[in-house]
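One structure is given below, encoded as C-alpha coordinates.
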Amino acid sequence: MHNEAPNVAPLVDELAAALANLGFFEVIYVDDGSEDATFEELKRLAQDRPWLRALRHAGAADRAQRYAPG
(Lines give C-alpha, C1' and ligand atoms only; values in the text may rest on other atoms or scores of the structure.)
Protein backbone atom coordinates (compact mmCIF):
# COMPACT_ATOMS: atom_id res chain seq x y z
CA MET A 1 0.00 0.00 0.00
CA HIS A 2 1.20 3.48 -0.72
CA ASN A 3 -0.45 6.63 0.67
CA GLU A 4 -3.78 4.90 1.28
CA ALA A 5 -4.55 5.90 4.89
CA PRO A 6 -8.22 6.81 4.25
CA ASN A 7 -8.81 3.51 2.43
CA VAL A 8 -7.17 1.10 4.87
CA ALA A 9 -10.04 0.56 7.35
CA PRO A 10 -12.74 0.00 4.70
CA LEU A 11 -10.52 -2.47 2.86
CA VAL A 12 -9.68 -4.35 6.07
CA ASP A 13 -13.40 -4.62 6.84
CA GLU A 14 -14.16 -5.90 3.32
CA LEU A 15 -11.40 -8.50 3.52
CA ALA A 16 -12.56 -9.68 6.94
CA ALA A 17 -16.11 -10.16 5.63
CA ALA A 18 -14.94 -11.96 2.49
CA LEU A 19 -12.54 -14.29 4.33
CA ALA A 20 -14.55 -14.99 7.49
CA ASN A 21 -15.85 -18.34 6.23
CA LEU A 22 -12.33 -19.69 5.83
CA GLY A 23 -11.88 -20.11 9.56
CA PHE A 24 -8.21 -19.27 9.78
CA PHE A 25 -6.67 -16.64 7.54
CA GLU A 26 -3.90 -14.08 7.65
CA VAL A 27 -3.64 -10.81 5.78
CA ILE A 28 -0.24 -9.19 5.43
CA TYR A 29 -0.13 -5.57 4.32
CA VAL A 30 3.16 -4.13 3.17
CA ASP A 31 3.42 -0.37 3.38
CA ASP A 32 5.34 0.73 0.32
CA GLY A 33 7.04 3.84 1.66
CA SER A 34 3.88 5.85 2.31
CA GLU A 35 4.34 9.46 3.28
CA ASP A 36 0.95 9.67 4.98
CA ALA A 37 -0.43 7.76 7.98
CA THR A 38 -1.02 4.48 6.13
CA PHE A 39 1.39 2.45 8.25
CA GLU A 40 0.16 3.93 11.53
CA GLU A 41 -3.44 3.14 10.52
CA LEU A 42 -2.47 -0.43 9.65
CA LYS A 43 -0.76 -0.87 13.03
CA ARG A 44 -3.80 0.56 14.83
CA LEU A 45 -6.16 -1.80 13.00
CA ALA A 46 -3.90 -4.79 13.65
CA GLN A 47 -4.07 -4.30 17.42
CA ASP A 48 -7.47 -5.98 17.68
CA ARG A 49 -7.25 -8.18 14.58
CA PRO A 50 -4.87 -11.10 15.19
CA TRP A 51 -5.13 -12.11 11.52
CA LEU A 52 -3.76 -8.75 10.31
CA ARG A 53 -0.05 -8.01 10.02
CA ALA A 54 1.47 -4.72 8.94
CA LEU A 55 4.98 -4.55 7.53
CA ARG A 56 6.96 -1.62 6.23
CA HIS A 57 9.75 -1.60 3.70
CA ALA A 58 12.96 -0.20 5.14
CA GLY A 59 14.81 2.43 3.19
CA ALA A 60 13.88 4.46 0.16
CA ALA A 61 14.41 1.94 -2.63
CA ASP A 62 12.63 2.40 -5.92
CA ARG A 63 9.68 0.14 -6.77
CA ALA A 64 11.76 -2.33 -8.80
CA GLN A 65 14.08 -2.93 -5.86
CA ARG A 66 11.18 -3.30 -3.41
CA TYR A 67 9.76 -6.22 -5.37
CA ALA A 68 13.04 -7.91 -6.25
CA PRO A 69 13.52 -11.33 -4.66
CA GLY A 70 15.88 -11.72 -1.76
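All values reported here derive from a predicted model rather than from experimental measurement.
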Distance-only donor-acceptor pairs under 3.5 Å for side chains of residues 43-55, two or more places apart:
{"residue": "Arg44", "atom": "NE", "partner": "Glu41", "partner atom": "OE1", "Å": "3.1"}
{"residue": "Arg44", "atom": "NH2", "partner": "Glu41", "partner atom": "OE2", "Å": "2.8"}
{"residue": "Arg49", "atom": "NH1", "partner": "Leu45", "partner atom": "O", "Å": "3.0"}

Just distance, no hydrogens or angles: give the donor-acceptor pairs under 3.5 Å from side chains in residues 12-28, sequence neighbours left out.
none

Looking at Ser34, is its backbone amide N or carbonyl O close enough to the side chain of Asn3 to form a donor-acceptor pair, meaning the two atoms are under 3.5 Å apart?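 Checked: no pair found.
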Between OH of Tyr29 and CD of Glu4, what distance do you get to the nearest 0.5 Å? 10.0 Å
CG on Asp31 to OG1 on Thr38, rounded to 0.5 Å: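 One gets 5.5 Å once the value is rounded to the nearest 0.5 Å.
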Over all atoms of both residues, closest heavy-atom pair of Ala37 and Ala5: C-CB, 3.8 Å
